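Report on the following structure.
Because the structure is predicted, anything quoted here is derived from the model rather than measured. When a residue number appears, it is its place in the shown sequence, counting from 1.
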Amino acid sequence: MLLVAAAALGALLIVAWWAPGVDRAEPDETDLALVETAASTTTTTTTTTTTTTTTTTTTTTTTTVPPFQGWVDPETSGQPWGDTVEGLLTFRGNPTRTYYGKGPVPSAPQEAWHFPRGEKMCSLSSVGGEPREWCGTGWTGQPAIFERDGRTWVVVGAFSRNVHFLDADTGERLLPDFATGDIIKGSVTVDPDGYPLVYVGSRDNRYRVIAFDGEAPRELWSLGAYDLAPIMWNDDWDSAGLVIDDYLFVGGENSRIHIVKLNRGYGDDGLVTADPQVVFHAPGWDDELLAAVGRELSIETSVAISGDTLYFANSGGLVQGWDISELRADPAAVPERVFRFWTGDDTDATLVIDAEGMIYAGVEYQRGTARSHEVGQIIKLDPSRPDDPLVWGVHVRGALDASGVWATPGLHRDLLIVPTHTGHVYGLDTATGETRWTKKLPGPTWPSPVIVDDVWIQGDCGGGLYAFDVSDTTVEPPQLWSISLGACIESTPAVWDGLIVVGTKGGYIHALH
């Protein structure tokens, strides 16, 4: 494994402002025939010998497990993000990207409201220098839903070039929209510690901290994609940041990873304040990756944290883990890269981490490298084995640049649910990678699976939203219901207390109950 110190990484002087490639909000809608090959599995077997001794003395032992000392207890995988703010606060809900919301899930959903009530949300944004109309919400576009002051709020960024603050019961605006200079493709993050702050990136090259405790939202700070160098690729921000213990962790399509000390507080007027300072940043690439794939590199995954390690991947297929343990006591501490794995191809789907610290990744099939043929497009990694971390890999290749995985995998007990670009959805055994079942939906299926109360909710690009029963993880899940929203669903749905909120590319955000 190649370990590269942060100082050496920072010395790279390669700059690429933009290069043509796959646009994450405009998928190729070609539906391909299913291509299945056997999963390659690496299995480690441990033999344990147990000796039992019987005596006439009975001893009672009480074991006290000390509280976890670190950034994120791995055992919180699948659980809500803390207990200060009740809600779904970021893309896939928590630092391991494994929390999907709170039930009940509607059993026969009908539209409660849609937003806006009048003209649909659309704006112009350039692709390759040519302006194009974008409508609604796209990849990843998951709304945040949370409880505040006796109300349930929905906060979502959209192709309208705005962050919208809505009442979950009515769909009415709670605050005026916050305008950005270009479209918003990624998911917002709401502060988990109770500060009235939302964190969001835009295609206008800024990642912002926005306060929402006044009569109108106001910007407290922003970080530009060109503020730190060197960079790669472009100036968008698709990644949903994580906020833990007054630190913000976020990756950019400039291919840099950023750690920001927020310095949150309240002013004499009672309004929230922040004085963010970037305490660490590093390139998301290294020389070995550049030699393998060139300079078309960005970070579009949302960062994940388990234990004391910050994980992310990039569009070159480089999965990295950085030790951030010392930052808890010292903002000047320099993180060290402790894990490196190359998937062989574009890895924009966010990494998912289980309670044992295992990483699940979805990989696109864009470059057709020998490495991508070797390891597959759905993989499980064990970072405790840095020299040989691949546990298993499943191959879901079809046509080049039109197959593989864009959606973030869904983890449900011993089942991994993985939608693919072609519309085929795989249900995999997490231990072995064995395919338990497949389903075919209208592709491309970029929305990430949402699983609440043993119900898996999935959108597709035909405009359908489906619910399946996954109470028995060993069998093909039966369909519970489906509803048409009339336009391609790229965004990941949000589920909260009997409500499903999701945007489509038809120009609207829909709430179902």
Does the [X] side chain pair with the main chain of [Y], one donor and one acceptor, at a distance under 3.5 Å?
| X | Y | value |
| --- | --- | --- |
| Ser306 | Ala304 | no |
| Ser202 | Asp204 | yes |
| Tyr207 | Gly251 | no |
| Arg161 | Gly181 | yes |
| Asn94 | Gln79 | yes |
| Thr445 | Thr420 | yes |
| Asn314 | Gly284 | yes |
| Trp221 | Glu219 | no |

Any side-chain heavy atom of [X] within less than 4.5 Å of one from [Y]?
| X | Y | result |
| --- | --- | --- |
| Leu197 | Leu220 | yes |
| Leu465 | Ile489 | yes |
| Ile259 | Pro335 | yes |
| Leu318 | Asp286 | yes |
| Leu499 | Lys102 | no |
| Pro131 | Ser125 | no |
| Trp113 | His510 | no |
| Trp81 | Thr189 | yes |

>> Suppose we screen for ring pair (Phe, Tyr, Trp, His ring centres under 6.0 Å). Which residues come up paired with Tyr360, at least two apart in sequence or across chains?
In response: none

Do [X] and [Y] have side-chain atoms, one donor and one acceptor, less than 3.5 Å apart?
| X | Y | answer |
| --- | --- | --- |
| Tyr226 | Asp235 | yes |
| Asn234 | Glu253 | yes |
| Glu364 | His421 | no |
| Thr140 | Ser187 | yes |
| Gln458 | Trp456 | yes |

> Going through the checks in order, is the side chain to side chain contact (heavy atoms under 4.5 Å, CB included) test met by Ile299 and Arg256?
Replying inline: CA-CA 7 Å; Ile299 300 172; Arg256 297 196 75 82; 5.7 Å; no

> Could you go step by step and tell me if Lys185 and Phe159 meet the side chain to side chain contact (heavy atoms under 4.5 Å, CB included) rule?
Replying inline: CA-CA 7 Å; Lys185 291 193 293 180; Phe159 291 162; 3.6 Å; yes

> Should Asp238 and Arg203 count as an ion pair when the cut-off is N to O under 4.0 Å?
Replying inline: no

>> Under a 4.0 Å threshold between the charged nitrogen and the carboxylate oxygen, would Arg117 count as salt-bridged to Glu172?
In response: yes

Nearest-0.5 Å distance, [atom1] of residue [X] to [atom2] of residue [Y]:
| X | Y | atom1 | atom2 | result |
| --- | --- | --- | --- | --- |
| Ser325 | Asp308 | OG | CG | 5.0 Å |
| Ile183 | Ser160 | CD1 | OG | 10.0 Å |
| Asp348 | Gln366 | CG | CD | 8.0 Å |
| Trp237 | Leu223 | CH2 | CG | 4.5 Å |
| Tyr365 | Asp401 | OH | CG | 10.5 Å |
| Met232 | Ser298 | CE | OG | 11.0 Å |

>> I'd like to know whether Ser222 forms a side-chain hydrogen bond (donor to acceptor under 3.5 Å, both in side chains) with Arg206, so could you lay out the CA-CA distance, the side-chain angles of the two residues, the decisive distance to 0.1 Å, and finally the verdict.
In response: CA-CA 6 Å; Ser222 71; Arg206 314 301 298 183; 2.9 Å; yes

> Under 30°, 30 to 60°, or over 60°: which ring-plane class applies to Tyr508 and His114, parallel, tilted or perpendicular?
Replying inline: perpendicular

> Do we get Arg371 above Phe341's six-membered ring, with its NZ or CZ under 6.0 Å from the centre and within 45° of the axis?
Replying inline: yes

> Within 45° of the six-membered ring axis of Trp342 and under 6.0 Å from that ring's centre, is NZ or CZ of Arg340 located there?
Replying inline: no

Quick check: closest heavy atoms across [X] and [Y], and the distance to 0.1 Å?
| X | Y | result |
| --- | --- | --- |
| Pro143 | Leu88 | O-CD2, 4.1 Å |
| Gly252 | His258 | N-CE1, 4.0 Å |
| Val418 | Pro409 | CG2-CB, 4.0 Å |
| Ile353 | Ser77 | O-OG, 2.9 Å |

Heavy-atom count around [X] [atom1] within 6.0 Å, excluding the residue itself: above 12?
| X | atom1 | value |
| --- | --- | --- |
| Lys120 | NZ | no |
| Glu326 | CD | no |
| Glu133 | CD | yes |
| Asp83 | CG | no |

> Looking at Thr492, Val188, Thr137, which one forms a side chain to side chain contact (heavy atoms under 4.5 Å, CB included) with Gln142?
Replying inline: Thr492

> side chain to side chain contact (heavy atoms under 4.5 Å, CB included) with Phe212: which of Leu175, Val272, Val163, Asp191?
Replying inline: Leu175

>> I need the single residue from Phe339, Phe280, Tyr311 that forms a ring-ring contact (aromatic ring centres under 6.0 Å, His included) with Trp322. Which is it?
In response: Phe280

>> Can you tell me which residue among Asp193, Asp213, Asp275 is in a salt bridge (Lys or Arg N to Asp or Glu O under 4.0 Å) with Arg264?
In response: Asp193

> Given the rule in the ring pair (Phe, Tyr, Trp, His ring centres under 6.0 Å) test, do Phe146 and Trp496 qualify, once you have shown the distances and angles that lead to the verdict?
Replying inline: CA-CA 8 Å; Phe146 58 100; Trp496 192 256; 9.6 Å; no

>> For the aromatic rings, using the six-membered ring if either is Trp, is the centroid distance between Phe249 and Phe312 under 6.0 Å?
In response: no

>> Under the criterion side chain to side chain contact (heavy atoms under 4.5 Å, CB included), I'd like the reasoning laid out for Arg92 against Thr408: C-alpha separation, chi angles, the key distance, then a yes or no.
In response: CA-CA 9 Å; Arg92 296 295 292 277; Thr408 296; 3.0 Å; yes

> Can you list the steps and then say if Tyr100 with Leu411 is a side chain to side chain contact (heavy atoms under 4.5 Å, CB included)?
Replying inline: CA-CA 10 Å; Tyr100 309 98; Leu411 186 62; 3.9 Å; yes

>> Which residues pass the side-chain contact (heavy atoms from CB on, under 4.5 Å) test with Leu174, not counting sequence neighbours?
In response: Arg151, Trp153, Asp167

